[in-house]
Amino acid sequence: MSIEKITFGKTKETDEVLEYLLKRNGVTLGILNYGATIHKCLVETSKGVRDVIGGYDTVKEYEDNDGYQGALIGRVGNRICRGKFSIDGVDYTLAINNGENSLHGGLKGFDKYIWTVTENSEADCDKLIMTITSPHMDQGYPGKLKVTVTYTLNDDKSFSIGYEAESDRKTVLNLTNHSYFNLTGFEELNVLDHKLKLYCSNFTPVDHTLIPTGEIRPVKGTAFDFTEEKTVGRDIEAKDLQLEYAGGYDHNYVIDRTQEVSYRNTTLFKTAALTSPDDVLSLEVATDQPGVQVYCGNFLHDDIVFKGSKPQRRRSAICLETQHYPDTPNHPQFPSAYLDKGERFKTTTLFKFTSR
Ligand code: GAL
């Protein structure tokens, strides 16, 4: 019912990093003004409190590592092919930071910004309202962009992330959050025994640099089929070129958008349901976005240490990044990620826990 503010540390540029703690009905969210990052997410269960989102103990580790732990991603989440796209005949070239492609906003994405924070507690929720202004041509993207991200912790063990933005000229935008979930509280350092259901009958296959080919492919009868709940690891080693390219699941799924969820005057669609191996904790994700990147930490290095001295491990957690499809600006047939001058961008994703 309250928001507590604690000192977390300082960036290399000596900006003060604070952690805001939102607490309600058995859930505590710790959010940093650095990268609008979810640093922790404590959930009470019958087997004790579990911190189900990965992260680090210091600002330096957030600055030095490239895993985007818990971070807010922008301007454009995921990859843009060779960092090139055009708007109305004008070509743009972005900062390249992932092989030959641009990933998660470029060299200094929104995950590295210091956000301005306003706190607001209401009867049935606590809110953190975070803002930044990204200048025209930031990382190569056109338009001066004002972004507001609102984290809302509700009474029913759920939290939402509301994204709003406005640009002073036509641009492209695809905002998401990059939390790594492990519902055992990272007691088990692999996510393969978690059970996953996706409300997605199709996905977007990629080339060997993880850029979508443009195809929308049905999952039925393939290792990518999570329309019926199965463990993350059941088919992950199946012989499938798509799994080979990505080293496991790291693909955008097309959300079916058939099962509505009403949330505070918006309509969202069921997207994913994740359950811990011991069935004690489940997480349901709903969004109004068209896609979700399902990434099971194939690139996490074994040599990095997580919060609380826990070793990070390859495939120790799963990201469910609600988003537009990767490389949308280069695929006119994908749902549009253009934002017109003066248009109000607004999207919401809801994460709801059930603990037993
Ligand atoms: C994910 C992406 C992965 C990897 C990761 C960051 O969103 O799908 O391929 O780049 O971010 O390490």
Side-chain angles (χ1 to χ4, degrees), residues 35-38 53-56 61-83 94-112 139 161 163 173-182 191 196 198 200 203-213 224 226 232 236 241-255 271-272 274 285 287 289-304 306 312-328 331 334 337 349:
T37 298
I38 304 182
I53 291 184
Y56 305 113
E61 288 162 290
Y62 280 103
E63 289 180 298
D64 290 349
N65 295 323
D66 60 2
Y68 302 89
Q69 298 286 340
L72 202 291
I73 305 292
R75 292 189 185 194
V76 173
N78 215 282
R79 292 172 177 79
I80 293 192
C81 186
R82 294 170 195 266
L94 303 172
I96 302 296
N97 61 337
N98 186 253
E100 61 197 27
N101 300 321
S102 184
L103 175 72
H104 294 333
L107 294 167
K108 188 192 173 193
F110 294 170
D111 58 296
K112 296 187 174 62
Q139 307 299 303
I161 310 179
Y163 305 83
L173 192 62
N174 182 21
L175 303 174
T176 191
N177 174 276
H178 207 288
S179 286
Y180 288 77
F181 291 99
N182 176 317
V191 81
L196 178 67
L198 295 174
C200 307
F203 78 112
T204 52
V206 289
D207 68 13
H208 71 286
T209 71
L210 305 187
I211 294 290
T213 59
F224 286 83
F226 284 91
V232 173
I236 202 168
L241 191 57
Q242 286 298 312
L243 291 171
E244 222 174 275
Y245 282 160
Y249 297 108
D250 187 0
H251 292 79
N252 170 66
Y253 278 77
V254 175
I255 301 167
T271 299
L274 184 70
V285 182
T287 188
Q289 288 286 289
V292 58
Q293 182 80 10
V294 177
Y295 168 56
C296 57
N298 310 303
F299 295 124
L300 290 177
H301 317 280
D302 280 358
D303 54 344
I304 289 176
F306 262 161
Q312 182 179 256
R313 288 275 184 268
R314 180 168 187 253
R315 295 181 178 166
S316 54
I318 187 167
C319 300
L320 298 163
E321 305 157 57
T322 56
Q323 58 169 14
H324 275 78
Y325 309 168
D327 198 31
T328 284
H331 297 274
F334 287 174
T349 294

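As the structure is a prediction and not an experimental result, all values here were calculated from the model. Ligands are counted one by one from 1 in listed order, and the atoms in each one are counted from 1 as well.
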### Query
Any idea which residues sit under 4.0 Å from ligand 1, heavy-atom distances?
Asp66, Tyr68, Asn78, Arg79, Leu103, His104, His178, Leu210, Asp250, Gln293, Tyr295, Phe299, Glu321
#### Entry: Results of salt bridge (charged side-chain N to carboxylate O under 4.0 Å, His left out) for Arg313 - residues two or more places apart only
none
### Task
For Arg82, check salt bridge (charged side-chain N to carboxylate O under 4.0 Å, His left out) against everything at least two apart and list the hits.
Glu100
### Message
Test of understanding: with salt bridge (charged side-chain N to carboxylate O under 4.0 Å, His left out), list the residues that count as partners of Glu244, not counting sequence neighbours.
### Response
none
### Message
When you compare the side chains of His301 and Gln312, does any donor N or O come within less than 3.5 Å of an acceptor on the partner?
### Response
no
### Query
If you measure only the distance, is there a donor-acceptor pair under 3.5 Å linking the side chains of Gln289 and Gln323?
no
### Message
Under a plain distance cut-off of 3.5 Å, with no hydrogens placed, do Thr204 and Asn252 share a side-chain donor-acceptor pair?
### Response
yes
